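For the single chain, residues carry numbers from 1 onward in sequence order. No experiment lies behind these values; they were computed from the predicted model shown.
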Amino acid sequence: MTPWLRRSRPRTPAPMLPSRDTATAATRVDLHELTPETDVFLGHCATLHLTFFEQLSHAVANAPRVAEKDALAEAAATILARYRGLVAEMERLKLDPAAVMEPHLASVQEFERRTMGADWHEQVASAHVAIGFLTDFWIRLGAGLPRDSRERVESVLSEGDLERPLHAIIERAIAANPRLSSRLALWCRRLVGDTMLQARSSLALHADRSRDEEQIEPVFTELIAEHTRRLDRLGLTA
């Protein structure tokens, strides 16, 4: 896996966010018609979780204080539990976890490289944004899985509370250094573009792209709205 602590690199601007009113008004829908085969779904989702665990583990090692190490360790434990749940579902279906995860490794590592952040604060913000956005996304995408797998996957991805510990770390950092607020707000905006691309890469698209986009657009509008609310709770302007 690619180490998380790297030098700063050019960042890809995120697309313009819709207004809060427009985002909030979006109908809550899922992506069941664009869900890939179960093995592809589980392989991609598990690879992301394994990479998130690696990222959070690096963040634990580089955290400046015990309180931050403890909160990040809690988040890492939750991600690891979710990863193990996804692997357990593969094994229940008689799939080889390594074989179904390997095809997704290169794209996930590239996503990790593009969103790792220039310093520890940006790294924690990256985890907060990417994990939150992609968890919401994968739960919606899982609507198209066979019923038994769908129920298990939804339960796995809902396990634990990742937002609370990551939110607390960023909130304390901003309280100690208010100048971080504008920088992290900008960084979190820039993360959205790459995070959306990573989500879209998992969709099983059809020949009729206009029909696909009709299903994708309201879901992503809703996901961006929740991202905006997530940053609002931190006092950041999304």
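In the displayed structure, R84 atom CZ is contacted under 6.0 Å by at most 12 heavy atoms of other residues, nucleotides or ligands. Enclosure of atom CD in E37 is not indicated, since only 12 or fewer non-hydrogen atoms of other residues, nucleotides or ligands lie within 6.0 angstrom.
Between the side chain of R140 and the backbone N or O of D136 there is at least one donor-acceptor pair closer than 3.5 Å. Looking only at distances, no side-chain donor or acceptor of T135 sits under 3.5 Å from a matching main-chain atom of G132. In this structure, the side chain of N62 engages the main chain of H58 through a donor-acceptor pair within 3.5 Å. Using a distance-only test at 3.5 Å, with no hydrogens or angles considered, a donor-acceptor pair links the side chain of T35 to the main chain of L141. Counting only distance, with no hydrogens or angles, the side chain of K69 and the backbone of A61 share a donor-acceptor pair below 3.5 Å.
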Residues R183, D119; criterion side chain to side chain contact (heavy atoms under 4.5 Å, CB included); working and verdict: CA-CA 11 Å; R183 177 162 70 87; D119 61 17; 3.0 Å; yes
Stepwise side chain to side chain contact (heavy atoms under 4.5 Å, CB included) test for I131 and E163: CA-CA 9 Å; I131 293 173; E163 180 165 345; over 6 Å; no
Intermediate values then yes/no, salt bridge (charged side-chain N to carboxylate O under 4.0 Å, His left out), R147 and E151: CA-CA 6 Å; R147 181 175 178 179; E151 292 175 349; 3.1 Å; yes
Intermediate values then yes/no, side chain to side chain contact (heavy atoms under 4.5 Å, CB included), H128 and H167: CA-CA 7 Å; H128 187 47; H167 176 103; 4.2 Å; yes
Audit row: R230, L236, side chain to side chain contact (heavy atoms under 4.5 Å, CB included) steps and yes/no: CA-CA 9 Å; R230 193 173 288 118; L236 302 178; over 6 Å; no
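Atoms NE2 and CG, on H104 and L50 in that order, are 13.0 Å from each other to the nearest 0.5 Å. Atom CG of residue L162 and atom CD of residue E74 lie 8.5 Å apart, to the nearest 0.5 angstrom. Atom NE2 in H44 sits 10.5 Å away from atom CG in L105 (nearest 0.5 Å). Considering NE2 of H49 and CG of L56, their distance stands at 10.5 Å, rounded to 0.5 Å. A distance of 10.0 Å separates CD in E226 from CG in L231, rounded to the nearest 0.5 Å. In this structure, OH on Y83 lies 7.5 Å from OG1 on T47, to the nearest 0.5 angstrom.
Closest of all the heavy-atom pairs between E159 and A81 is OE2-CB, 3.4 Å. The heavy-atom pair separating R172 from A67 by the smallest distance is NH2-O, 3.8 Å. Scanning both residues, A73 and V60, for their nearest heavy atoms gives N-CG2, 3.6 Å. The shortest heavy-atom contact between L31 and Q215 is CD2-O, 3.8 Å. For the residue pair M196 and I224, the shortest heavy atom distance occurs at SD-CD1, 3.8 Å. Across all non-hydrogen atoms, the minimal contact from A125 to I170 is CA-CD1, 3.9 Å.
Hydrophobic clustering, with ILVMFWY side chains joined whenever heavy atoms are under 4.5 angstrom apart, groups L134 together with L203. By the criterion of side-chain heavy atoms lying less than 4.5 angstrom apart, applied directly or through intervening Ile, Leu, Val, Met, Phe, Trp or Tyr residues, L93 is grouped together with L86 in one hydrophobic cluster. Residues I216 and V40 fall into different hydrophobic clusters, defined by Ile, Leu, Val, Met, Phe, Trp and Tyr side chains chained together at heavy-atom separations under 4.5 Å.
In this structure the side chain of H227 never reaches within 4.5 angstrom of the side chain of L223, judged on heavy atoms. A 4.5 Å side-chain heavy-atom check between T195 and F111 finds at least one atom pair inside the cut-off. Within the 4.5 Å cutoff, no side-chain heavy atoms of Q198 are placed close to those of F137. At least one side-chain heavy atom of E68 sits less than 4.5 Å from a side-chain heavy atom of W120. Between D212 and L34, the closest side-chain pair of non-hydrogen atoms falls below 4.5 Å. Looking at heavy atoms from C-beta onward, P165 lies out of side-chain contact with L72 at the 4.5 angstrom threshold. Residues R92 and S149 form a side-chain contact, since some pair of their non-hydrogen atoms from C-beta on lies under 4.5 Å apart. In this structure, the side chains of D161 and T78 stay at 4.5 Å or more apart for every pair of heavy atoms.
No side-chain donor from either of E122 and S126 sits under 3.5 Å from a side-chain acceptor of the other.
The existence of a salt bridge linking E110 and R113 is confirmed by a sub-4.0 Å separation between a basic side-chain nitrogen and an acidic carboxylate oxygen. Ion pairing of E213 with R209 is absent here, as no side-chain N (NZ or NE/NH1/NH2) approaches a carboxylate O to less than 4.0 Å. A salt bridge does not link R229 with E222: none of the charged nitrogens is closer than 4.0 Å to a carboxylate oxygen.
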